[in-house]
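Numbered from 1 within each chain, the chains take letters A, B, ... in sequence-line order.
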Amino acid sequence: MKRGTRRIETQLAVIGTGIAGFAASIFALQRGLDVAQFGHSGAMAYTTGYLDLLGVHDQRVRDDPWAALDELRLDEPKHPMSGVSNETIRTAFNGFTEALGDMGIGYSKAGDCNLSALLPNGIAKPTLSVPDTMLPGVVALETGAKTLVLDFDGLQGFSAKAFEVNFSERWSGLRSARMAFPGMENRQIFPEVLARSLETRATQEALADLIRPLLNGAEYVGLPAILGMHAPDAVRSKMEQAIGATLFEIPTIPPAVPGIRLRECFERAFPEKGVRLEPQLKVADVEFGTAGATLHLHGPMEDIVVEASAVLLATGRFLSGGLRSDQHSLSESLLDIPIRQPASREEWFRHEYLDPRGHPVNRLGVEVDSAFRPVIPDGDPVNERLFAAGAILSHQDWARQRCGAGLAIATAYGATEAAAAALG
Amino acid sequence: MGAHSRRETLDFLKVAKDLLPDGASYDACVGCGICASGCPASGLFGMDPRRFINMAMLGMNEELSTTPWVWACTQCKRCAYLCPMGIDVSQLVGAARGAWATEEKPSGIVRSCAAQRLDESTSAMGLMSEDFVEIVEETLEELQEDDPRFSKLTVPIDKVGAKFVINQNSREPATEPEEMAPLWKILDYVGADWTYASKGWAAENFCMFTGDPDAWKDMVETRVDAINALECETWINTECGHSFYTLWAGIEKFGLEANFEAESLVTYYAQWIREGKLPVNSDWNKDNLKFTVQDPCQLVRKSIGDQAADDLRFVVKTLVGEENFIDMQPCRSANYCCGGGGGFLQAGMSKERRAYGKRKFDQIIATEADYVLTPCHNCHSQIYDVGEHFGGAYTVTHLWTLICLSLGILGPNERKYLGPDLAGINLPETS
Amino acid sequence: MSSLSARTFEAEVLVIGGGATGSGIMRDLALRGITCLLVDRKDLNAGASGGNHGLLHSGGRYATADAETAAECRREGDILKRLAPECIDDCGGLFVAVEGDDEDFAARFPEHCRVAGIPCEALTAAEAREREPALPDAIAAAYAVPDATIDPFRIVLENVGHAQRLNDSTYLPHTEVEAFEIADGVITKTLCRDRRSGDLVEIRARQIINASGAWAEKVARLAGCADVNLLYSKGTLLITNTRVTKGVVNRLRLPDDGDILVPGGTVSLLGTSSVTVENPDGIAPTVSEVDRILAEGATMLPVLNETRFVRAFSGVRPLLKSAGSEADGRKANRGFALFDHEDQGLSNFATVAGGKFTTFRLMAETAGDLVARRLGNAEPCKTDLDPLPSGDALRWTEPGAAARDWYKRSDPTDTILCECEMVARSVVDTIIGQAPGAEDHMSLKAIALRSRIGKGACQGAFCSMRVTAHLYDREVYDSPDGLRLMRDFVNERYKGVRPVLWGAQMPQAELAEILHCGLGGMDLPAGKDGGTTT
C-alpha cells in the first residue's frame with residue numbers, strides 16, 4: 001500500500017485559516033483568482049465576533065476609527081494598515097461583511113463611528129461592525145432600554161448579574177435573571193451545545209416559553225451568544241417572534257460560539273464558492289521555484305502537493321502557529337523568514353502586564369514591503385510570489401489597538417491585490 | 001460499571017510523550033476548551049477531552065486508568081481537528097482502554113474481538129469462513145431464482161487477480177443476507193471485476209476498540225495476508241467506516257506490507273456515477289422527500305478527509321436531487337460522531353450512548369430530513385436507535401438501497417430500511 | 001478578644017505577620033489557652049513563607065556548612081512529618097553530583113550527614129536513575145536523604161484555622177502596623193491601617209510578637225528597637241507545568257543557583273538564586289535570573305531544557321546579619337533568634353526572626369514560651385505532640401486535591417471554575433464561607449491564595465474571569481470593584497509569568513492577553529468603551 005498523493009494546482013495558495021486567510025480567499029475570488037486555502041484552527045476560535053477597525057490609538061479610545069486611521073498613518077507609518085487608504089479599507093471591510101452576510105452571518109455595515117459593543121463583564125468596547133445578532137444590544141445600551149439579561153445554570157464564566165451590576169450606572173432599564181436551559185438541567189453546559197440545540201424548533205419553543213413570563217415589560221432580552229450556530233439570524237428571528245421582545249447576544253469567554261460560528265460558516269460556504277479548503281491541515285513546508293511554489297501537506301491517509309503560482313501567508317502569531325519562540329529568539333515557523341528583534345528576551349515584554357503602550361513582542365513579526373511581500377529586514381522580498389497578511393505582520397499590536405479584523409481585512413485586501421497584479 | 005480492578009495504572013504524561021508527535025504533546029495545551037465544547041462525550045462520567053488532558057497533567061493516572069469515559073469517547077478525533085495545538089486525546093484514550101483488565105472491559109467489545117480472532121474469517125459475529133461462503137452461495141441462488149435479470153449474476157470468492165477485493169460487514173450474512181444483494185447488483189451493473197475473500201472478509205474490527213494493539217495488529221495481519229494472497233489491485237471497504245480506518249492505519253502503525261491500495265466504496269460509487277456506469281438519478285423522488293447524510297468520522301475526518309465527504313455528497317445529491325439534500329451542521333470533516341463508533345454501541349452503556357447521540361439527533365432534527373443516509377453500519381444502528389429513543393420521525397438507510405432503488409433493481413425483500421413512503425416506489429417490473 | 005468598636009480590637013496577644021512563624025505562634029499560644037489576634041499587612045504567606053520551595057529539609061543541604069542548622073532541620077522535619085502528614089509529601093530526596101562537580105565535596109557529604117544525624121544512603125548512578133529517570137547518564141555521585149516537601153500554604157492555613165477553632169483567636173488580613181503607642185516601657189496600643197479601606201485599626205494587646213519575617217526589622221524599629229538587623233536575600237524559583245521528578249533532587253555541591261528541583265505535588269520547583277537586596281518590597285523574578293537558574297538546573301537535569309515553565313516567583317529570605325554574610329546571603333546563618341527587646345526598654349514586645357520554613361514550629365515554640373511566661377501561663381508547648389488537625393476549607397492548596405475531590409464526588413451540577421486545576425464552585429464557596437479571612441471580604445486573590453486557582457498552565461487567564469463571574473453571582477462582588485480586583489489579580493500573576501515567556505507559554509500568554517484586553521477591556525480606562533483601569 002503506497003501512501004497516496006493528491007495534487008492540487010492553484011493560482012493562489014492561502015496559508016492560514018483565520019480572518020486574514022478567509023478574507024484573502026474572499027478577495028481573491030472577487031478578483032477572479034483560482035484559490036486554495038490551507039490551515040488549522042487558531043486564534044479565530046477566540047473571537048467575540050465583533051469586527052474592530054481601530055478602536056484605540058495613541059492609548060486613547062476612539063469614536064471615529066477613520067480619523068484615527070489618518071492619525072495612525074502619521075504616527076505609525078510602518079503599521080500595516082497605514083499603507084492602505086481609508087477608502088480601500090472601507091471597500092474591503094464592506095466586501096468582507098457582505099460576503100459573510102451571503103454566507104449566512106449578517107453583519108452591520110461599516111459606519112463612520114465606532115459602536116459601543118457589549119462585553120460579558122458589563123463594559124463596552126469600541127468596534128466597527130457587529131453581527132446582526134448582537135446589534136440590538138448596542139442600541140439597548142445606548143438608549144438605556146428596558147432589558148432583561150439572562151444566563152443559565154451550569155454555564156461557566158457568564159454572569160448576567162455581573163453584566164447588570166457593572167452596567168447599572170449607565171443602563172437604567174437593565175435587569176438580570178438566571179434560568180435552567182431546557183433539556184440541559186443540572187449539568188455543566190457549553191455555549192456551543194446550547195447553540196446547536198437552539199437550531200431545533202422544540203428547543204426554541206421550550207426556551208421561549210421559559211423567557212416569556214420573565215419579561216415584565218422588557219423590550220430587549222440579552223442572552224449569552226447561543227442563538228444557533230449556522231443560521232443565527234433565522235434562530236434569532238424565530239425566537240423574537242415567540243418571545244415578543246427584541247433579542248441580542250453577548251459574547252462569552254472561550255470556548256464560545258462566535259468563533260466556532262465563523263469557522264463553520266467558512267468551512268460550509270467556501271467549497272461551494274469553489275475554494276479548495278483544507279481547514280484541518282497545516283502546511284508542512286513550502287519550496288519556491290521559478291514559476292511559484294510547491295506546498296506539502298500531510299493528511300491522515302495521503303499527502304497533498306500543491307503547485308501554486310503565488311502564496312499568501314496568513315498564519316497568525318504564536319497561538320495560531322505562525323510565529324514561535326525559544327528561550328532566546330522568535331522565528332517565523334513555516335519559511336523561517338528573518339524577524340527583526342531585540343537582542344534579549346528581556347525586551348519582549350514590559351514589566352507591567354497592562355502597560356497601555358503594549359508589549360514590544362506584539363509588534364514583532366514579518367516585515368513587508370508596500371506590496372505586502374515579506375522582506376528580509378532592510379532587504380529584498382523573500383520571494384516575488386510570496387505575500388503576507390494579518391497578525392503575523394510586524395509594527396502592529398492588534399489586541400491593544402482594537403484593530404484585529406481591520407488589520408486582517410485591510411492587509412488581506414492589499415496582499416490579494418498585489419498577488420493578482422503579480423499573477424497578471 | 002461498578003468498581004473495577006485494572007491491569008495497570010498508566011503514566012499518561014509518559015504515554016503522551018511516547019504516542020504524540022513533538023509539539024502536539026499535552027504540554028502544549030492552552031486550556032481553551034474548544035475540544036470539550038465540541039465533543040459529544042463531554043459531561044459523560046464527568047469527563048471531557050480537556051479534563052482528560054488536565055487530569056494527565058495533574059498526575060491523576062489512577063482516575064484516568066479507571067474512568068469508564070474511555071469507552072464513551074468514540075476516538076473520533078474531533079478534538080484533534082479543533083485543537084489549535086493539534087492535541088489528539090483519542091490516542092491516549094486508546095492507551096487507557098488497553099490498561100483495563102480484559103474482564104473489566106465492556107464485554108460486548110471484548111467478546112466481539114475474541115470472536116474475530118477465533119477464525120480467519122475475522123467476523124465479530126462468529127461467522128466462520130465456510131459459513132460465509134455457504135450463506136453467500138445460498139443467497140445468490142435465491143436471487144438468481146427470484147429475479148431472472150440477475151440469473152447470471154456472480155459473486156466471486158477468492159478470485160485471484162480480480163481488480164477489486166471487497167469486504168462485507170458480518171451483520172448482513174449473519175442476520176439479513178438479502179441485504180448483501182443490492183451491493184452485488186451494483187457491482188454487476190457496473191461490470192466490476194471483483195471478489196470476496198473467504199478469509200479476512202469481515203468489515204469490522206473490535207480489536208482496535210479493545211485498546212489492545214496486539215489484537216488490532218493480529219486482526220489487520222490476518223486480513224492483509226488474505227488480501228495480499230489474492231493479488232488484487234485495490235481493496236474496497238464496504239459502506240462502513242472503522243474497518244477502513246483500522247486497516248490502513250494498522251498497516252501504517254504496525255509497518256505491514258500490503259500489495260494493494262485501500263479505497264472506500266463511496267469513492268467508487270462516485271466514480272462509477274461520473275463515468276456513467278451507474279446511471280442513477282432522482283426521478284423516483286417525486287414527493288421530494290428530504291435526505292441528509294452522516295459523514296462517518298472514520299472515513300472522512302480520520303481517513304480520506306473532505307474528498308470523501310465531497311464524493312458522498314455527489315452520490316447522495318445525484319440520488320435524491322440536489323434540492324432534496326440538506327446537510328447537517330456541522331458536517332464533512334467537522335461532523336459530529338453519532339456515538340455509534342469506537343465500540344460504544346457494543347459497550348453496554350445505553351444511557352450514556354444516547355446522551356452522546358442526542359447532539360446528533362438534534363442535528364438531524366434541525367435538517368427536518370425524512371431520511372438519514374449512513375454509509376457506515378455503526379452510524380446506521382446508532383442513528384436508528386437515538387431516533388427511536390428520542391422520537392425522531394426519520395428513516396435510516398444505506399446508500400446501496402437507494403442506488404438500487406433509483407436503478408429500479410431493488411427487490412421487494414431488500415426494502416426493510418425504506419419507510420412506507422418508498423416501499424412501493426420503482427419496484428422491479430419483473431417481480 | 002472582644003471588639004470595642006468596629007475598628008478597635010483587644011486581644012491577649014497581637015501577632016504581627018501571617019507567615020509560617022506568625023501562624024505557628026498563633027496556634028502554639030491557642031494550644032496553651034491564650035487568644036491571639038493575627039494581623040498581616042497583606043494576607044497569609046505574603047512573604048518568604050509563600051516564596052519558597054516548599055522543601056522540608058532533611059538537613060542535607062546544610063550538612064556541610066552548618067551542622068547545627070542541619071540537625072535542627074532534621075529534628076523539626078521529623079516532627080512535622082509525624083504531626084502534619086497531610087501537609088507533607090514524604091517523597092525523599094537525592095543529592096547528585098554531575099561530572100565536573102567537586103569530587104571532594106561529594107566524598108565528604110556522607111560524613112557531614114552522619115555528624116548532623118541525617119540518614120544518607122550512597123547510590124550507584126544506575127540506582128539513582130532508577131529512582132529518578134530524568135537524571136543524566138553522567139552522574140559522579142548520588143546519595144539518598146529523607147528530604148520531603150511541605151505545602152507552605154496549607155500548613156499556614158491549618159495553623160490559623162486550628163487556632164480559630166481552639167479559642168477566640170482571630171485573623172485580620174490587610175492590616176498594616178503603622179505605629180506603636182508606648183508608655184512606661186509597655187506598648188499600650190498598636191495603630192494599624194486597613195490597606196483596602198484606609199481605616200485606622202487600633203489594637204490593644206498585653207503582648208505583641210513581631211513575626212513579620214523580612215519586615216521584622218522595620219516593625220521593630222517602629223517600636224524603637226534597633227536590635228533586629230536583617231539581611232535580605234532574594235531567591236527566585238521556576239515552576240514547571242508538570243512534575244518532573246518523583247522526589248527532591250539536590251545538586252551535591254555548596255548551595256548555588258539552580259541546584260534544587262523540588263516536587264510541588266503536580267508541578268516541580270527549580271531554584272534558587274540568592275541575591276542580596278536592599279529592600280524586601282517590590283521584588284520580582286527577572287529574565288536573567290530565570291536563564292541562569294535554568295542553565296544550572298539543566299546541567300543536573302537536562303530534561304529541563306525541554307520543560308514548559310509556567311511561572312517564576314521570588315521570595316526574600318530574612319537572614320540574621322552576621323560577619324561575612326553581607327556579600328553572600330548563602331553564607332549567612334540560617335538559624336533564628338528571639339529578641340525579647342527588654343534591653344531596648346520594652347517588656348511586652350518580642351521579635352522572632354531569621355530561620356527557615358522547616359524550623360518555623362521551633363521558632364513559634366520559642367516565642368510562645370516567652371509570651372506564655374510573660375503572661376504567667378504555665379502551659380507547655382504542645383505543637384511538638386499534638387497532631388495538626390485538618391479543616392475542610394483549608395485543604396485546597398494541595399495540588400490535585402480539588403481535582404480528585406471533584407472527580408470522586410462526581411456531582412454534575414458542581415461546575416468547575418478553574419479547569420487547569422479543576423477547582424469546582426463548591427470549593428470556592430467553602431473557602432468564601434469558612435477559610436481564615438472569610439469573616440472579611442474574600443476577593444479572587446484571597447480565594448486563589450487558599451486554593452489552586454490561577455496556578456495552572458493558564459495562570460489565571462480563564463479562571464480569573466470565571467471566578468469573578470461567580471463572585472458576582474454570589475454577591476460577594478456588588479460593584480465594578482470586582483473587575484478592578486480581577487485586573488489586579490492578573491497583573492500580579494503576570495509578574496511571575498513574564499520571565500518564563502517563551503515556547504509553549506507564548507501562545508498561552510497571547511491567548512490571555514486577547515481575552516483580558518479584547519474581552520475583558522482590562523487595559524483601558526473605565527469609560528464609555530472599556531475598561532477597568534482607573
Side-chain angles (χ1 to χ4, degrees), chain A residues 1-4 6 40-46 104 154 156-157 183-184 187-193 195-203 228-231 235 253-257 259-260 263-265 267-268 271 276-282 299-302 304 316 318-321 324, chain B residues 23 30-40 42-43 46 48 50 77 80-86 224 235 244-245 247-249 251-252 256-262 301-310 313 327 329-334 336 358-359 361-368:
Chain A
M1 198 178 79
K2 290 191 306 288
R3 194 172 162 82
R6 183 149 56 96
H40 199 276
S41 79
M44 193 177 74
Y46 312 114
Q156 283 179 329
M184 311 261 177
R187 64 174 108 156
Q188 181 164 339
I189 49 184
F190 292 99
E192 174 176 0
V193 179
R196 306 237 189 249
S197 178
L198 269 179
E199 301 204 317
T200 66
R201 228 179 278 174
T203 309
M229 196 58 87
H230 77 285
V235 171
I253 69 166
V257 166
I260 301 168
R263 180 176 166 83
E264 288 188 6
C265 168
E267 286 188 16
R268 183 175 70 243
R276 279 156 300 172
L277 177 66
E278 287 290 347
Q280 68 172 136
L281 292 184
K282 277 193 170 169
M301 231 191 134
E302 59 178 8
I304 299 176
F318 301 98
L319 188 52
S320 304
R324 62 185 171 202
Chain B
V30 294
C32 73
I34 284 280
C35 55
S37 167
C39 169
S42 285
D48 64 43
R50 171 172 55 184
K77 289 194 194 258
Y81 176 85
L82 296 168
C83 174
M85 302 296 148
V224 168
W235 168 76
F244 184 64
Y245 175 81
L247 193 89
W248 76 259
I251 289 169
E252 276 197 2
L256 305 180
E257 285 292 327
N259 66 5
F260 53 87
E261 299 303 317
R301 180 166 51 246
K302 290 177 72 173
S303 296
I304 300 175
D306 279 348
Q307 192 93 330
D310 290 342
R313 274 156 190 72
D327 248 327
Q329 300 296 342
C331 59
R332 300 155 61 90
S333 289
Y336 280 126
K358 179 64 165 52
R359 208 179 290 202
F361 176 80
D362 281 349
Q363 259 189 307
I364 295 169
I365 294 304
T367 67
E368 303 188 351

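Heavy atoms of B:S42 lying under 4.5 Å from chain A belong exclusively to its side chain. With a 4.5 Å cut-off on non-hydrogen atoms, A:R3 touches chain B through its side chain but not through its backbone. In this structure, the portion of A:Q156 lying under 4.5 Å from any heavy atom of chain B is its side chain and not its backbone. Interface remark: A:R187 contributes no atoms to any contact with chain B (heavy atom separation under 4.5 Å). For B:F244, the part sitting under 4.5 Å from any heavy atom of chain A is the side chain, from C-beta outward, and nothing else. Neither the backbone nor the side chain of A:P191 has a heavy atom closer than 4.5 Å to any heavy atom of chain B. Only the backbone of A:L277 comes within contact range of chain B, with heavy atoms under 4.5 Å apart. At a 4.5 Å heavy-atom cutoff, A:R276 makes no contact with chain B through either its backbone or its side chain. With a 4.5 angstrom heavy-atom cutoff, B:D48 touches chain A only via side-chain atoms. When heavy atoms are compared at a cutoff of 4.5 Å, B:Q307 approaches chain A solely by way of its side chain, counted from C-beta outward. Within the 4.5 angstrom heavy-atom criterion, only side-chain atoms of B:E368, from C-beta onward, approach chain A. The part of B:D306 that comes within reach of chain A is its side chain, from C-beta onward, which places non-hydrogen atoms under 4.5 angstrom from that chain.
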CA sep, side-chain torsions, deciding dist, call: A:Y46, B:V30, side-chain contact (heavy atoms from CB on, under 4.5 Å): CA-CA 12 Å; A:Y46 312 114; B:V30 294; 4.3 Å; yes

Residue pair B:R359, B:I364: steps toward the side-chain contact (heavy atoms from CB on, under 4.5 Å) verdict: CA-CA 9 Å; B:R359 208 179 290 202; B:I364 295 169; over 6 Å; no

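Annotation: the span from B:W235 atom CH2 to B:I251 atom CD1 amounts to 7.5 Å, rounded to 0.5 Å. Put simply, OG on A:S197 and CD1 on B:I365 are 11.5 Å apart, with the number rounded to the nearest 0.5 Å. Considering CD1 of B:I304 and CG of B:D310, their distance stands at 11.0 Å, rounded to 0.5 Å. Rounding to the nearest 0.5 Å gives a distance of 11.0 Å between CZ of A:R196 and CG of B:D362.
Geometrically, B:R332 does not engage B:Y81 in a cation-pi contact defined by less than 6.0 Å to the ring centre and at most 45° from the axis.
The candidate with the highest count of non-hydrogen atom pairs below 4.5 Å against chain B, out of A:G321, A:P300, A:S320, is A:P300. The candidate with the highest count of non-hydrogen atom pairs below 4.5 Å against chain A, out of B:G43, B:A36, B:S333, is B:A36. Your options are A:R6, A:R263, A:R324, and the one with the most heavy-atom pairs under 4.5 Å with chain B is A:R6. When the candidates A:E267, A:E302, A:K282, A:E199 are compared by the number of heavy-atom contacts under 4.5 Å with chain B, A:E267 comes out ahead. The candidate with the highest count of non-hydrogen atom pairs below 4.5 Å against chain A, out of B:G38, B:G305, B:C331, B:A334, is B:G38. With chain A as partner, the option from B:S303, B:C35, B:A366, B:G46 having the largest number of non-hydrogen pairs under 4.5 angstrom is B:S303.
The backbone N or O of A:P255 sits nowhere less than 3.5 Å from a side-chain atom of B:S37 that would complete a donor-acceptor pair.
B:L82 is linked by a side chain to side chain contact (heavy atoms under 4.5 Å, CB included) to B:I34, B:R78, counting only residues two or more places apart in sequence or in another chain.
In this model, no donor atom of one side chain and acceptor atom of the other lie less than 3.5 Å apart for A:E264 and A:H230.
Nearest heavy-atom pair, A:I189 versus A:M184, reported as atom, atom and distance to 0.1 Å: CG2-CB, 3.7 Å.
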